[in-house]
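Following: one structure in structure tokens, then a few remarks.
Chain letters run A, B, ... following the sequence lines, proteins first and then strands; every chain starts at 1.
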2 protein chains.
Amino acid sequence: MANIRDVAKQAEVSVTTVSRVLNQHPYVTEEKRVAVERAMEELGYFQNINAIHLSTGETRLIGVVIPYINHSYFSTLLKGIADQALVQGYNLVFYQTNYMKEEEHKAFEALKQKQVDALLILSRASEWEAIESYQSFGSIVVCETASHETIPCVSVDHYEAFRFGMRYMVDQGHQKIGYCIGRRNGTNSKLREKAYCEELERIGQPFREEWIFNGCLTIEDGKRVVSEYAALNEKPSALLITSDQVAAGFMMEAQKQQIQIPNNVAILGFDNHPIAEALDLTTIHLPLHEVGVNLVEKVVKKDKTSTIYPFELVERGSV
Amino acid sequence: MANIRDVAKQAEVSVTTVSRVLNQHPYVTEEKRVAVERAMEELGYFQNINAIHLSTGETRLIGVVIPYINHSYFSTLLKGIADQALVQGYNLVFYQTNYMKEEEHKAFEALKQKQVDALLILSRASEWEAIESYQSFGSIVVCETASHETIPCVSVDHYEAFRFGMRYMVDQGHQKIGYCIGRRNGTNSKLREKAYCEELERIGQPFREEWIFNGCLTIEDGKRVVSEYAALNEKPSALLITSDQVAAGFMMEAQKQQIQIPNNVAILGFDNHPIAEALDLTTIHLPLHEVGVNLVEKVVKKDKTSTIYPFELVERGSV
DNA sequence: TTGTAAGCGTTATCAT
DNA sequence: ATGATAACGCTTACAA
């Protein structure tokens, strides 16, 4: 484990000179450079990155706060993040939180302790205030529709997307509309609930608690919803499902139970995951990969502005 | 940015004492502990983790080499890894490689430079020799069936699983069997090809290149294979598909094209992803979450042994 | 039980 | 162009 001093000694130069060739600074003669390079070779020298981190106060590491690491929505986002991190020469450290504030807190502390230069929060349980109090330790960007005064956000406009979905269903002649949501008390979800209520009001329909299916994240959840739906006395004729995975689970199970889509119930998914095309599921395309890319760009540039990405309806056969 | 010396001064103790309370060492009186804690409070002190890393030579970071971050097989593995890392108090740094040796090399260098304490290689393009040459810098575990002399491996027995799948198809009366594979030249894939050829020989069937579908990773690939299959003059009556995602893509597209499963072609998937149950896909269950957990346990314990996990047939309606 | 001081391996400032 | 030397902030012998 030779260090920079050993190399300097071996090459008969100062550590500064070694550091200079290491960092390709100008002002070092070809002669010395060669000597240093030979010494490094001979000693099998390599840099200790932690010493560099300590000295520079930078790590070129971005922390990513993510509830579930193998969830289709998040892993699409992640792909964009990872692709762009590669481009920018950053590495990623993952903090899988399961929406536990305690785990999110660990990520915040990592920023504070300079384990990472910056933080990307893909979804959160913590309050804005908690995040705000850590901003002085590094750049933080949140993947959320809500725009905060001082914390930059990048996301899709989930409120508008949902409202658009509602109107689309109404335009197709539906009045009795329910929906499936991942985590009802999440920020984006509250936005969607707001859009839902507003549209219901607009078309003069009552709010029916039992038409909101909560905890919908996976294919299995979609299957479960079919049973819940089937057990309903009064059934909605249309369902907005905020994840194509869940919608897919619903469709596959519905087929088994002879529930016809869209005849018995129309389905609108969100994401435009490949599974949607395979199942001929009408869905709202969300540019998640681009959001991921932008998240990294913003956090690296320390860009304090927020960006909202557009969504797009993809009409197929489920509505 | 107060440091440990500032705290020591403020509390009127030595830095060692501060370090002791920081690391909850014994041999520090309640009185001093309180004084130190007060000083830390007053100064808003927090540790700089890079200094700790430099000093201890440890980071409690595990590097994960992964080809694609949003691929169902890998993200299931990842979930197990992340869950266990949480338990063990390690964080994860991701090196998404797209199977580029150059990117894998970066991860190896990170280990060498002590950016991470250990490395988990979920799949690789690099040679064994390359990996071997980095073993002296930290614990490395590879997720692969092949057992290497000195490099510990944890995986499912892909050879046996595939062979079992072949025999199962044969037992169900199939003689004309093809298969879909992700990356034909991967280690696990070669093992599967070996099993394939051996079984073909056993039942006296010729090897048909055109019955091997390569590059099958996603739902879309499964769809594509349906077209390729449909275009075949002589068609296999059974297909082993080494990923449930691909199998799902195949099944959904097959249904559109009125190809009946299992009547026209029997399908056997691998993984037992939730999508398999939803589609009534017969599949071979691979305990990927457990593999992920074991990968972390092994790398943390510096356990040099290899472990192979059992698989299990899940019979449903596609064969 | 507490403290002094020597690392850990860099980078960066300031001379020369 | 090159080099001393002081940070960076912590841990850990060793001494007391």
Side-chain angles (χ1 to χ4, degrees), chain A residues 1-40 43-61 109-117 137-138, chain B residues 1-40 43-61 109-117 137-138:
Chain A
M1 307 290 149
N3 64 23
I4 199 172
R5 262 180 281 269
D6 299 327
V7 174
K9 195 172 294 172
Q10 175 95 346
E12 300 184 300
V13 298
S14 70
V15 288
T16 312
T17 300
V18 178
S19 178
R20 285 205 178 98
V21 347
L22 246 18
N23 298 286
Q24 30 241 3
H25 273 295
Y27 302 139
V28 41
T29 54
E30 193 53 25
E31 185 191 9
K32 302 231 172 193
R33 152 168 290 111
V34 172
V36 168
E37 275 162 357
R38 247 197 51 198
M40 296 201 294
L43 296 170
Y45 169 82
F46 51 90
Q47 289 179 290
N48 178 319
I49 208 143
N50 292 314
I52 299 177
H53 292 166
L54 173 59
S55 190
T56 60
E58 265 194 12
T59 58
R60 293 197 80 77
L61 243 31
E109 284 295 311
L111 179 66
K112 186 170 176 177
Q113 301 186 344
K114 293 178 173 299
Q115 167 132 304
V116 297
D117 291 347
F137 302 110
Chain B
M1 307 290 149
N3 65 22
I4 198 171
R5 264 180 281 268
D6 300 327
V7 174
K9 195 172 294 173
Q10 175 96 348
E12 301 186 298
V13 299
S14 71
V15 289
T16 313
T17 300
V18 177
S19 177
R20 286 201 179 102
V21 345
L22 244 19
N23 298 286
Q24 31 241 1
H25 274 295
Y27 303 138
V28 42
T29 53
E30 195 51 28
E31 186 192 9
K32 302 230 172 195
R33 152 168 289 110
V34 171
V36 168
E37 275 162 357
R38 248 198 50 198
M40 296 200 295
L43 296 170
Y45 169 83
F46 51 90
Q47 289 178 289
N48 178 319
I49 209 141
N50 292 315
I52 299 176
H53 293 165
L54 173 59
S55 190
T56 60
E58 266 193 13
T59 58
R60 293 197 81 77
L61 243 33
E109 285 295 311
L111 178 66
K112 187 170 175 178
Q113 301 187 345
K114 293 179 173 297
Q115 164 127 275
V116 297
D117 291 348
F137 302 111

For T17(B), report the nucleic acid contact type (base, sugar-phosphate, nothing); a contact means any heavy atom under 4.0 Å.
sugar-phosphate
Spell out yes or no: do the side chain of T16(A) and the base of dA4(D) have one donor N/O and one acceptor N/O closer than 3.5 Å?
yes
With no hydrogens and no angle check, is any side-chain donor or acceptor of S55(B) less than 3.5 Å from a backbone partner on A51(B)?
no
To the side chain of R5(B), which of dG9(D), dT5(D), dG9(C) is closest?
dG9(D)
Of the candidates dC10(D), dT2(D), dT11(D), the side chain of Y45(B) sits closest to dC10(D)
Phosphate contact (dG3(D) OP1 or OP2) by S14(A) side-chain N/O below 4.0 Å
yes
On DNA chain C, compare the nucleotides closest to E31(B) and H25(A); which residue's is nearer the 5' end?
E31(B)
Can you identify which nucleotide, out of dG7(C), dA13(D), dT2(D), has its nearest atom closest to the S55(B) side chain?
dG7(C)
Closest to the N23(A) side chain: dT11(D), dC10(D), dT11(C)?
dT11(C)
Nearest of dT11(D), dT11(C), dG9(C) to any side-chain atom of Q47(B)?
dT11(D)
Looking across every strand, which nucleic acid part, if any, lies under 4.0 Å from V13(A) by heavy atom: base, sugar-phosphate, or nothing?
sugar-phosphate
Quiz question: going by heavy-atom distance under 3.5 Å, is there a donor-acceptor pair between the base of dT2(C) and the side chain of T29(B)?
no
Between K32(A) and dG3(D), is there a contact of a side-chain N or O with OP1 or OP2 at under 4.0 Å?
yes
Restricting to non-hydrogen atoms, name the atom on H53(A) and the atom on E58(A) that form the minimum distance, rounded to 0.1 Å.
CD2-O, 3.0 Å
Selection from dT2(C), dG9(C), dT11(D) that lies nearest to any side-chain heavy atom of V28(B)
dT2(C)
Pick base, sugar-phosphate or nothing for I52(B), based on heavy-atom distances below 4.0 Å to the nucleic acid.
sugar-phosphate
Under 4.0 angstrom, heavy atoms only, what part of the nucleic acid is N50(B) near: base, sugar-phosphate, or nothing?
nothing
Starting at the 5' end of DNA chain C and moving along, which residue's nearest nucleotide shows up first, A51(B) or P26(B)?
P26(B)
